Structures are given as structure tokens and as C-alpha cells.
Amino acid sequence: MKKNIEALRHSASHIMAQAVMRLYPGTKLGIGPAIEDGFYYDFEFPGSFSEDDLEKITAEMKNIIKEGQPFERQVVSKEEAGRIFSDQPYKKELLDEIPEDEDVSLYRNSEFVDLCRGPHVDSTSRVKHFRLLKTAGAYWKGEEKNPMLTRIYGTVFPTGGELDGYLKMQELARERDHRKLGRELDLFSLHPEEAGPGLVFWHPRGAAVRRAIEDFWLNEHQRSGYELVNIPHVARSRLWETSGHLEFYKDHMYPLMEFEQGGSYVIKPMNCPGHILVYKNSIRSYREFPIRWAELGTVYRYEKPGVLHGLMRVRGFTQDDAHIFCRPDQVREEISRVLRFIIRMLSGFGFREYGVFLSTRPEKFVGTPKEWDEAEEALKEGLKEVSLDYEVDPGEGVFYGPKIDIKIKDSLGRMWQCSTVQVDFNIPGKFELEYVNDRGEKETPVMIHRALLGSLERFFGVLIEHYGGRFPLWLAPVQAELVPVSEKNLEYCLGIKETLESSGIRVGVSAGSDKLGKKIWRLRKLNVPYMAVAGDREAEEGVLSVRKLGGDQMKFSPEEFLKLLQDEISRGKGEP
RNA sequence: GCCGGUGUAGCUCAGUGGCAGAGCAAUCCCCUCGUAAGGGAUAGGUCAGGAGUUCGAGUCUCCUCACCGGCUCCA
């Protein structure tokens, strides 16, 4: 089945390329693979091209499909293939990468022929339910220095129902877009013109969610052997020279702040040098290890203009950062502790499926290969110990050490990078960190960087999309809203509000002269989990008519209502 | 940064060279109301910013900024 759909998608990409060649002769072909959700093909058009041209291509594709052209596999010598693609420079480049004596396979349908391993479906008529989706620029072979081609994305399914299902899913994802919900639910805003791109302003309702996240985070860290530290946001550039950031990370840093009387300061793009200064403030003994210092540390990074995206990719963000200082022989234990912690934290937020990636030694690295091997081994053992399946990304580690990245799967099946665990061989040496071992000798500690949620901004964005703006009670900006039927009942509601508030419930009151129906309508749009209506009848009995969002209505006393809320709040955090 | 697109009221969007518009939201008034929008009135704009073409530019051209879809990069 999986193979079939790949052949179908790959065939659709050939048909698209064929249509393009018919409509825009002289187009140079890049590559056109099947991908997870469909297919694409990269083109270099002789003239300009815009998204409006997709309709024309779609129409031509339909002709090709109607023609029912058989796909035929052909094996030719490399030399022969070179002649066939003589006017296709990108195809020739691909040919050059194939060993000299090997034959190559081609797929031909009617006048169109492509260098291709296959397989394909038997006829163009098999491609029935397709849709061209969007165009995009894409570097040839994905490398920034190469020319940019025009990529056309499309998708195709065996049945019309599956295509519709896919398109509906895309629509659902658009409706859940955290940027849209952030505005509608009054959670946050960005002010690119007034304040600068990629800088997040948390509104009261968003800040309430953040506070709930932070409280949970803090509590879990206190239970897990971490101490908290706090460091300033700016520091002399000297500190960042020592750390090497001014040399290696300058492109990602906001410009230096120069003082007239001399000396310059830097706004931190990372928290580690700050934590290191705390470490260096006294002589450390192996007996103190492992030292685990955590901080919700705000950093500022100059990200390229084109990469910013809502809360997911910003220029100022708060990492749930921590640095662990330990002996080399403690690394394995610390790694598995961190991994267990990550899973506990993420499942507390309702994420149960993960993609785990181990990034190993890149070409440019610091430290010795032996150190790297040991650290990679420690990471692997940690993963094994907590029985996490993982993929290896060879050579994708940071120059200073190998790392584990964990992506979480949201309710729409999309993966988001949040957690990261990195071993660092570089920075302890740069800052000449030391500890005294059990023989009274000075040694260099190992440092582990880790973030569980990643950044609060991105994590918030993921949460918004995961829950579609309908947060579980413990995270909801307003947990309960008291709704007086008329202004006569306002006093009664305000009294109950005070009771609930003093027990830590986030509660609002819908005052004002709007009719009940309108107030309810408004609260539903804001996804307030509990609405408690109080009119003359309730006031007389001393109760509330409580309705859960999307649920039934029941009468509760204020005390019963509080208990109900408290129970659900503690259950919601995934606590036992 | 690169390719393509977009920028009109707080939000969603009409307006293709000739008087700046609608719905929602906001404010005020009437209604004191029973579970998915009661009625009326008012206010709200440097049409992203700048330059140009034109008798005349929201509309056409160029530059800048920002955003959107991707590429590259990444928490």
C-alpha cells in the first residue's frame, strides 16, 4: 500500500513535469520526488512564473491523464542518457554522480522522459485525484549557494475521498493556526513595525497560560534535584569573546551596545556563560556533583528575516534552560535522568508520542574523537535505559558536542522540536572550569545543556495548535466565568468570584447589559471551560447553574463547584 | 538571506485611474433580560512608508519596511 501510493505520487510528479514542458518549452528540470504528503518537482522556468499558472498546468495534466499514456521503464548506458538529457543541465549533473560503468534507468511516457529509479504506475490514467497546492523557491540540492529553482507542490490519492480528507485536514490546521487563535483568543500579539519583528507580547490571557506552565515547570524542577539561578540579560562583550560566541555565533546576535566612554555590552543569545560565572565563583568539589542549575532564561537572537514565524520562530524567547555540571562517569546517569524528566514533563501537557533523534559528530568539531565516542555512547545508553526508539542523524551534532533532540507529535500528527539535550566538550575548557576530584587533583567537568519545553514561546504556540485553542482546565486562561442573568444578579456573582479567586481559580464575571444569550455566545468563542449562570432563582437557592464547554448543565453550590474545578485541575496535569 | 505573493478602520474583507466602503468589535442611548449574536445612534483612515508617471493614484512604476507560502537555518 505504502509503495503503491509512492508510485502514484511519483507518477503525478512526472505528469506535472510533462505538462510544464508542454506549456513552457525550454524549462530546465530539477528533481521531482514523492514526499510525505504528496509530491513536488523543481523547475527552472525560462520566464517568470506565478501561482496563477497552476491552473493551466492542472488543465494540461488532466489532458495527459486522459491520454492514458503507459509508463515505460528503459535501461540505457550513461553515455546514452547523457545524449538524451543534453539540454538538461541539472539532469546531467545528477548523471555525473552515477559511477561511470553503471547503466541508468529512465521512465518514459509519450514524449516525456525522466531519469528515474521508479517505480511508476502503469498508465497516466491511474492519476485521478490530484491537486496542485503551492509554489515555492527551493535551492538546487538544498544548498544556499546553488541557484534557486521554482518548486511546485501537489498531492494525489488513490480515491477522491482520501484527497478530500487530506484537504480537510489542511483546512483544520489552518483554523488551528496559533497566529489566528492568538488574535481571536486575545493571547498574544507581535508588533513588527513598532517594536521589531519576532518579539512577543503576552496579553493577560496568554500570560495566565504561561504562568500555569511556569508553575508546573518550577514544581517539577524542585522535585527533581534542580536549583534555580538567575542571571542578567546583558554582559560585557568580553564574556562573549571568552565563550567564543562573538566568533562563531555573531550572525545570530543583536549588535553590540557601545558606550561612549569605551566598553561594549552584549544582550545574551544563550544562558550558558552566565551559569558558568556562577560555577566559577568558587572552587567546586566532586562532592557537589552533579550540579543542576535551571532558569527560565530569556535570550535574544538575530534570526534572518525570512525565517520568523509567529511564536514558533522568534527573536526573543525564554528557554527552559538548565546546565548540569558533572564528572565524565556521571554523564550516562544524568542523561537518562533528563530523558525521564522530559517524558514526564511532556506527558503532563498531553504529549505522548515523540520523535527522538541522536545527532552525532559533525565534520568540524572540538574535543577528541574518543570524548565524542564516549559521549555518544552515553547518550545511546541513556536512550536505551528509558526504552526510547530513536533515529541517528549522522554528522548533525553541534560542533561542541553530540545531542538528542525530541520532537513531539501534536493532535494533528505534526512534529515539533522542543526538547534538546546536549553534551558540551567545548565551553568548560574555554572558561577553564575545574573541580577537585577525590585525589585532590583538578579536573575539567563535563557540562550538559538541556531544555525540556524548548522555548516558552514555541511551546505555547504548539499547545495552542495541539488543543485548537481549547486548553485543558489547568492551562485555561480563564477557568470559569460567572454570568449574571441581569445586572441585578451581579452582586451575587462578585461574592462567589471572590471565594473562587481566593482558592486560586482564574475566574471572570460577565458584567454588562448584554443579554444572557450574547454573553454565553461570547464565552464560547473564547473557549472558557466552565460557565456558571446565576439569576434570581440561583441567588435564592444559593447555587450556580454550571455548564461545561460542550457539556450538560447542572446545579452546584459554590463549594461543590470549587471542588469540581480543583479536582479537574489536579487531574489535568498528568499527576498520579 | 533567496524565490513567489500580500499590505485599505481594532478584526475579516470589498473597492482595476475620478467623492474612502461593509460586517463584526468599540463608544453612547433604549431594553433588565434565563443558556450560540435585542434595537438605535456615534466615532473610527497619512489606503504600510518614500519617490515617480498622470489633469487626477488606494488603484500604474520603482525603492524601503513588514507579513504570508516555501527554501536554507533553528529553541
Side-chain angles (χ1 to χ4, degrees), chain A residues 40 42-45 48-54 133-153 174 177 179-180 183-184 186 189-198 251-252 269-271 297 299 301 303-321 396 398 403 405-407 416-420 422 449-459 461-462 483-490 510 512-525 531-538 545-547 549-550 552-553:
Chain A
Y40 68 79
D42 288 343
F43 305 102
E44 187 181 283
F45 286 97
S48 66
F49 184 86
S50 81
E51 220 143 285
D52 303 332
D53 295 299
L54 292 186
L133 298 170
K134 59 198 170 194
T135 63
Y139 298 108
W140 169 239
K141 290 182 173 168
E143 282 175 41
E144 220 169 340
K145 58 180 196 297
N146 286 343
M148 180 159 278
L149 309 179
T150 303
R151 175 171 298 176
I152 302 178
Y153 284 96
R174 270 194 294 281
D177 190 312
R179 293 165 300 183
K180 183 172 180 276
R183 194 168 43 240
E184 288 172 2
D186 196 17
S189 57
L190 299 158
H191 303 272
E193 305 274 1
E194 297 93 325
D251 290 348
H252 287 273
M270 292 188 185
N271 299 306
V299 296
R301 297 182 184 173
E303 302 291 350
K304 290 178 186 173
V307 306
L308 300 173
H309 181 90
L311 296 178
M312 302 303 191
R313 190 77 187 274
V314 294
R315 284 186 177 161
F317 56 99
T318 300
Q319 293 181 305
D320 70 314
D321 210 352
E396 290 298 308
V398 205
K403 62 171 181 173
D405 287 325
I406 296 185
K407 295 182 182 184
W416 302 98
Q417 153 115 48
C418 292
S419 319
T420 182
Q422 308 182 350
H449 311 249
R450 48 113 277 197
L452 311 187
L453 309 177
S455 89
L456 292 181
E457 284 75 8
R458 175 180 292 177
F459 194 73
V462 173
V483 190
V485 171
S486 85
E487 283 170 25
K488 284 187 302 195
N489 312 113
L490 181 59
S510 289
S513 63
D514 285 326
K515 298 206 164 133
L516 184 58
K518 179 117 176 203
K519 288 177 180 173
I520 299 284
W521 173 75
R522 220 186 278 253
L523 294 171
R524 293 181 72 124
K525 281 217 311 187
M531 289 174 273
V533 174
D536 292 342
R537 297 203 291 268
E538 285 80 5
S545 289
V546 174
R547 192 170 71 174
L549 189 63
D552 293 332
Q553 184 181 318

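Order of the sequence lines sets the chain letters (A, B, ...), proteins ahead of strands, with each chain counted from 1. Here the structure is a predicted model, which is why all the values come from computation and not from measurement.
Atoms CG (Asp514(A)) and P (U27(B)) sit 10 Å apart, rounded to a whole Å. Between the CD1 atom of Ile520(A) and the C1' atom of U35(B) there is a distance of 4 Å, rounded to whole Å. One interatomic measurement links the two molecules: CD of Glu184(A) to C1' of C24(B), which rounds to 12 Å at whole-angstrom precision. The interatomic distance linking Arg313(A) (CZ) with G70(B) (P) rounds to 14 Å, in whole Å. Put simply, CG on Asp405(A) is 10 Å from P on C74(B), counting in whole angstrom units. C24(B) atom C1' lies 11 Å from atom CZ of Arg522(A), rounded to whole Å. In this entry the distance linking NZ of Lys518(A) with P of G38(B) reads 5 Å, nearest Å. Between the P atom of U35(B) and the CG atom of Asn489(A) lies a distance of 14 Å, rounded to the nearest Å.
Taking each heavy atom of Asn146(A) and Trp140(A) in turn, the nearest pair found is ND2-O, 2.7 Å. Taking every heavy atom of both residues into account, Leu456(A) and Leu453(A) meet most closely at CD2-CD1, 4.1 Å.
The partner of G1(B) is C71(B), by the rule that a Watson-Crick or G-U pair needs both atom distances under 3.5 Å. If you check C31(B) for Watson-Crick or wobble pairing at under 3.5 angstrom, you find it has no partner at all. The partner of A37(B) is absent, by the rule that a Watson-Crick or G-U pair needs both atom distances under 3.5 Å. When Watson-Crick and G-U wobble pairs are counted only if both distances are under 3.5 Å, C24(B) pairs with G10(B). Base pairing annotation: A43(B) forms no Watson-Crick or G-U wobble pair, as no partner gives both donor-acceptor distances under 3.5 Å. Pairing for G17(B) is absent, judged as Watson-Crick or G-U wobble with the two contacts each under 3.5 Å. Nucleotide A57(B) has no partner under the Watson-Crick or G-U criteria, as no pair reaches both atom distances under 3.5 Å.
Within the 4.0 angstrom heavy-atom criterion, base atoms lie near Glu538(A). Residue Gln417(A) is classed as a sugar-phosphate contact, given heavy-atom separations below 4.0 Å to backbone atoms only. Base engagement by Glu303(A) is indicated by at least one non-hydrogen atom pair under 4.0 Å involving a base atom. Note on Arg179(A): only backbone sugar-phosphate atoms sit closer than 4.0 angstrom, heavy atoms only; bases stay farther off. Residue contacts shown for Arg537(A) include a base, since a base heavy atom lies under 4.0 Å away. Across all strands shown, Val483(A) has no heavy atoms under 4.0 Å from either base or sugar-phosphate atoms. As judged by a 4.0 angstrom heavy-atom cut-off over every strand, Asp536(A) is placed among the base-contacting residues. In this structure, Lys134(A) reaches the sugar-phosphate backbone alone: every heavy-atom distance under 4.0 Å involves primed, P, OP1 or OP2 atoms, never a base. Within 4.0 Å (heavy atoms only), Gly517(A) reaches sugar-phosphate atoms of the nucleic acid but no base atom. Ser513(A) comes within 4.0 angstrom of a nucleotide base, judged by non-hydrogen atoms across all strands. Residue contacts for Glu143(A): at a heavy-atom cut-off of 4.0 Å it reaches no nucleic acid atom on any strand shown.
Side-chain contact of Glu538(A) with Ser545(A): a donor-acceptor pair under 3.5 Å is present, judged by distance alone.
Of the possible polar contacts, one joining the Glu457(A) side chain to the Thr318(A) backbone as a donor-acceptor pair under 3.5 Å is found. No donor-acceptor distance shorter than 3.5 angstrom exists from the side chain of Asp514(A) to the backbone of Lys519(A), with no hydrogens or angles considered. Proximity of a side-chain donor or acceptor of Asn489(A) to a complementary backbone N or O of Pro484(A) within less than 3.5 Å is not detected.
Here C73(B) is the nucleotide among U35(B), C73(B), A75(B) with the atom lying nearest to any side-chain atom of His252(A). Which of G69(B), A25(B), C67(B) sits closest to the side chain of Pro192(A) comes down to C67(B). Side-chain proximity of Lys515(A) to G38(B), U35(B), C71(B): nearest is G38(B). Checking G38(B), U35(B), A75(B) against the side-chain heavy atoms of Thr420(A) singles out A75(B) as nearest. When each of C71(B), C31(B), U32(B) is scored by its nearest atom to the side-chain atoms of Tyr153(A), the top-ranked nucleotide is C71(B). Closest to the Trp521(A) side chain, of the nucleotides U35(B), A25(B), C33(B), is A25(B).
Spacing between U27(B) and A36(B) at atom C1', rounded to whole Å, works out to 25 Å. Of the C1' atoms belonging to C47(B) and C60(B), the separation is 15 Å, rounded to the nearest Å. Rounded to whole Å, the separation between the C1' atoms of U6(B) and U64(B) comes to 16 Å. Nucleotides A9(B) and C24(B) are separated by 12 Å at their C1' atoms, to the nearest Å. Taking atom P in both A57(B) and A14(B), one finds a spacing of 24 Å when rounded to whole Å. If you take atom C1' in G4(B) and the same atom in U72(B), they sit 16 Å apart, rounded to whole Å. Here the separation of A48(B) from G58(B), taken at their C1' atoms, is 12 Å to the nearest Å. Between A37(B) and G1(B), the two C1' atoms lie 47 Å apart (nearest whole Å).
Going from atom CZ of Arg524(A) over to atom CG of Leu549(A) covers 6.5 Å, rounded to the nearest 0.5 Å.
His309(A) has a side-chain polar atom (N or O) that falls below the 4.0 Å cut-off from OP1 or OP2 of G69(B). A sub-4.0 Å separation between OP1 or OP2 of U35(B) and a side-chain N or O of Lys519(A) is absent.
When the options Lys525(A), Lys515(A), Arg547(A) are evaluated for a side-chain contact (heavy atoms from CB on, under 4.5 Å) with Ile520(A), the one that passes is Arg547(A). Among Arg179(A), Arg458(A), Glu303(A), the single residue meeting the side-chain contact (heavy atoms from CB on, under 4.5 Å) criterion with His309(A) is Arg179(A).
Ion pairing between a basic and an acidic side chain is recognised when a charged N comes within 4.0 Å of a carboxylate O; Lys145(A) and Glu143(A) show such pairing. Classification of Lys403(A) and Asp405(A) as a salt-bridged pair holds, one side-chain N sitting under 4.0 Å from a carboxylate O.
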Under 4.0 Å protein heavy-atom contacts per nucleotide of nucleotides 1-10 of chain B, with B for base, S for backbone only and - for none = BBBS------
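Between Arg524(A) and Glu487(A), the residue anchored nearer the 5' end of RNA chain B, judged by the nucleotide with its closest heavy atom, is Glu487(A).
Between Pro305(A) and Arg315(A), some side-chain heavy-atom pair lies under the 4.5 Å cut-off.
Checked by distance alone, Arg301(A) brings no side-chain donor or acceptor within 3.5 Å of a matching partner on the base of C73(B).
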